[in-house]
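Quick note: numbers below take in every heavy atom, side chains included, and nothing from hydrogens, waters or symmetry partners. Proteins get letters first, then strands, A, B, ... in listed order; numbering begins at 1 in each.
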Number of protein chains: 2
Amino acid sequence: MKSEKRTAGRPVTPVLSRELIGEQALELVTARGLEQLTMTNLAKRLKVAASALYNHVANKADVVLLIQDALVSQVSLAGMQRLIDHQATLEEALYDWAVSYRAVFAEYPSLIPTIAVTPVSEAPKTLRMYNTVAQALTGAGIPDEQVIDVIVAFESFLFGSALDVDAPSTIFDTDDVTEDSAWLDRVVKASKATAGDPPANGSSEGTADGVRNRYADPPFQFGLAALIQRTKSLVEA
Amino acid sequence: MKSEKRTAGRPVTPVLSRELIGEQALELVTARGLEQLTMTNLAKRLKVAASALYNHVANKADVVLLIQDALVSQVSLAGMQRLIDHQATLEEALYDWAVSYRAVFAEYPSLIPTIAVTPVSEAPKTLRMYNTVAQALTGAGIPDEQVIDVIVAFESFLFGSALDVDAPSTIFDTDDVTEDSAWLDRVVKASKATAGDPPANGSSEGTADGVRNRYADPPFQFGLAALIQRTKSLVEA
DNA sequence: ACCTGAACACCGTTCAAGT
DNA sequence: ACCTGAACACCGTTCAAGT
């Protein structure tokens with residue numbers, strides 16, 4: 001243990017940077033959850049005093065911003081790139097992007113409300129993602145003035161779907177069947193009967209995407225198909 | 001000011017109840033926002049000590065549960081009721097429900113992540129809403145085993161859309177046009193040109209639903225139309 | 001400029017004491 | 001059973017003092 005404690009006063013070479021803070025914040029929130037993301041815990045991980053963080057970030061919201069920008073860069077743009085290069089269809093590109101987007105953000109549901117309202121100008125990697133998607137959709141023949149609507153509609157659905165992944169499988173279960181729940185119970189039962197009890201494939205835990213709520217996938221596929229179909233109908237002849 | 005301070009010890013008749021706490025919590029969060037919903041502020045509003053709340057609620061999350069159940073009862077089920085009575089089409093019922101649902105929750109975006117994962121068994125009014133929707137969709141000819149998928153897909157979209165209402169109108173604006181933002185800027189401009197600068201109708205502030213983000217409506221209408229169209233195609237002959 | 005450490009004004013929650 | 005008031009272990013953030 002050579003944990004040499006740092007003395008007060010400016011260090012010869014800076015210990016912290018926004019990049020380092022963002023990186024460690026993401027690791028912290030991944031390992032221990034958002035509720036453990038405190039300035040104190042983050043500082044401890046970086047082996048500095050909590051107050052030192054404020055030389056690099058404005059406040060905790062600023063830290064959250066660093067996390068989400070790091071997350072966005074994990075979203076796959078491969079399908080959109082192929083669409084730009086005419087190597088994929090509009091449908092394939094939208095599907096690839098949507099599945100990847102949801103999977104990434106489903107890991108951090110509590111970040112979603114902030115992400116949803118953060119201006120892209122404050123998050124450079126997020127800006128780049130939207131730019132690529134805009135380019136691909138334009139190239140595929142979606143009229144300029146509708147591209148944003150398509151992006152926002154998809155995003156709304158993806159954010160909501162990411163939240164749903166975190167819901168318990170029993171979210172629609174009722175304690176006892178009363179008059180107020182008879183219809184709901186009926187359709188929930190029918191749904192579970194079709195889905196089958198163990199996950200459809202042989203994997204031991206969760207689904208292919210690491211989805212926790214076993215029943216989250218069919219509604220996601222249904223909604224996604226609806227949006228893709230409608231988007232295709234916008235393409236100019 | 002006859003603000004007679006209460007003495008310690010059990011009062012002859014209880015001062016608090018879960019109903020009263022829920023009611024005041026909703027008023028507090030409506031008037032001053034979720035970040036002002038603290039046990040201390042809530043207690044102040046109810047003129048009790050903060051610790052007194054814990055005789056009626058388990059913790060703060062329990063208070064949030066009371067709020068969301070009160071909110072759900074504001075969602076219009078009129079369209080669904082008419083569908084049950086064969087006085088409305090499936091399309092009309094879904095549209096009415098979706099618009100109302102989004103409007104209600106757009107007022108409280110920060111509650112959405114919790115709402116999205118709360119089991120219905122803990123929120124009786126929420127349970128009743130789902131039951132009515134399930135009854136209406138079943139009656140309209142959606143196969144039992146697909147009803148839940150439809151509900152969850154709609155809900156995902158509605159939660160996400162509610163979040164979007166709270167986003168600033170400038171969310172896609174970039175500070176300066178660089179290589180990384182050229183395509184995005186182009187489609188954003190095209191979108192704004194079509195939307196027109198003042199709100200389409202003559203109202204002085206926001207849209208018909210009290211929506212804050214002026215650009216939130218077209219993507220909402222687009223996504224909703226997509227989901228409704230696809231849902232109609234599920235109806236058995 | 002960039003760190004430490006003390007301090008401030010809050011949180012949610014627990015619990016003994018009172019009736 | 002149901003209230004008060006003191007206490008506890010935390011928060012995020014500020015700021016003087018140090019180099």
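Between C:dT4 and A:R6, a contact under 4.0 Å exists linking OP1 or OP2 to a side-chain N or O. Close to D:dC3, at under 4.0 Å from its OP1 or OP2, lies a side-chain N or O of B:H56.
Between B:A70 and B:S73, the shortest heavy-atom contact is O-OG, 2.7 Å.
Using a 4.0 Å heavy-atom distance criterion, A:V15 is classed as a sugar-phosphate-only contact.
Note that CE of A:M129 is 8.0 Å distant from CD1 of A:I151, once rounded to the nearest 0.5 Å. The distance from the CG atom of B:N41 to the CD atom of B:Q24 is 12.5 Å, given to the nearest 0.5 Å. The distance from atom CG of A:L158 to atom CG of A:L163, rounded to the nearest 0.5 Å, is 11.0 Å.
If you measure from atom CG of B:L53 to atom P of D:dG5, you get 14 Å, rounded to the nearest angstrom. Protein atom NZ of A:K5 is 13 Å distant from nucleotide atom C1' of C:dC3, rounded to whole Å. Atom P of nucleotide D:dG5 and atom NZ of B:K44 are separated by 14 Å, given to the nearest angstrom.
Looking at heavy atoms from C-beta onward, A:D69 lies in side-chain contact with A:P124 at the 4.5 angstrom threshold.
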*asked:* Let me check I have this right: for DNA chain D, each base becomes ., (, ), [, ] or |, based on Watson-Crick or G-U pairs with both distances under 3.5 Å. What is the full string?
replied: ||.|||||...|||||.||
*Which letter, B, S or -, goes with each nucleotide of nucleotides 11-19 of chain C from 5' to 3', with contact meaning a protein heavy atom under 4.0 Å?*
SSBBB--BB
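Counting only residues at least two apart or on different chains, the salt bridge (charged side-chain N to carboxylate O under 4.0 Å, His left out) pairs with a member in residues 28-52 of chain A are A:E27-A:R45.
Under a 4.0 Å N-O distance rule, the pair A:K192/A:D173 qualifies as a salt bridge.
When atom types are taken as modelled, the side chain of B:N131 and the backbone of A:D180 share a donor-acceptor pair closer than 3.5 angstrom.
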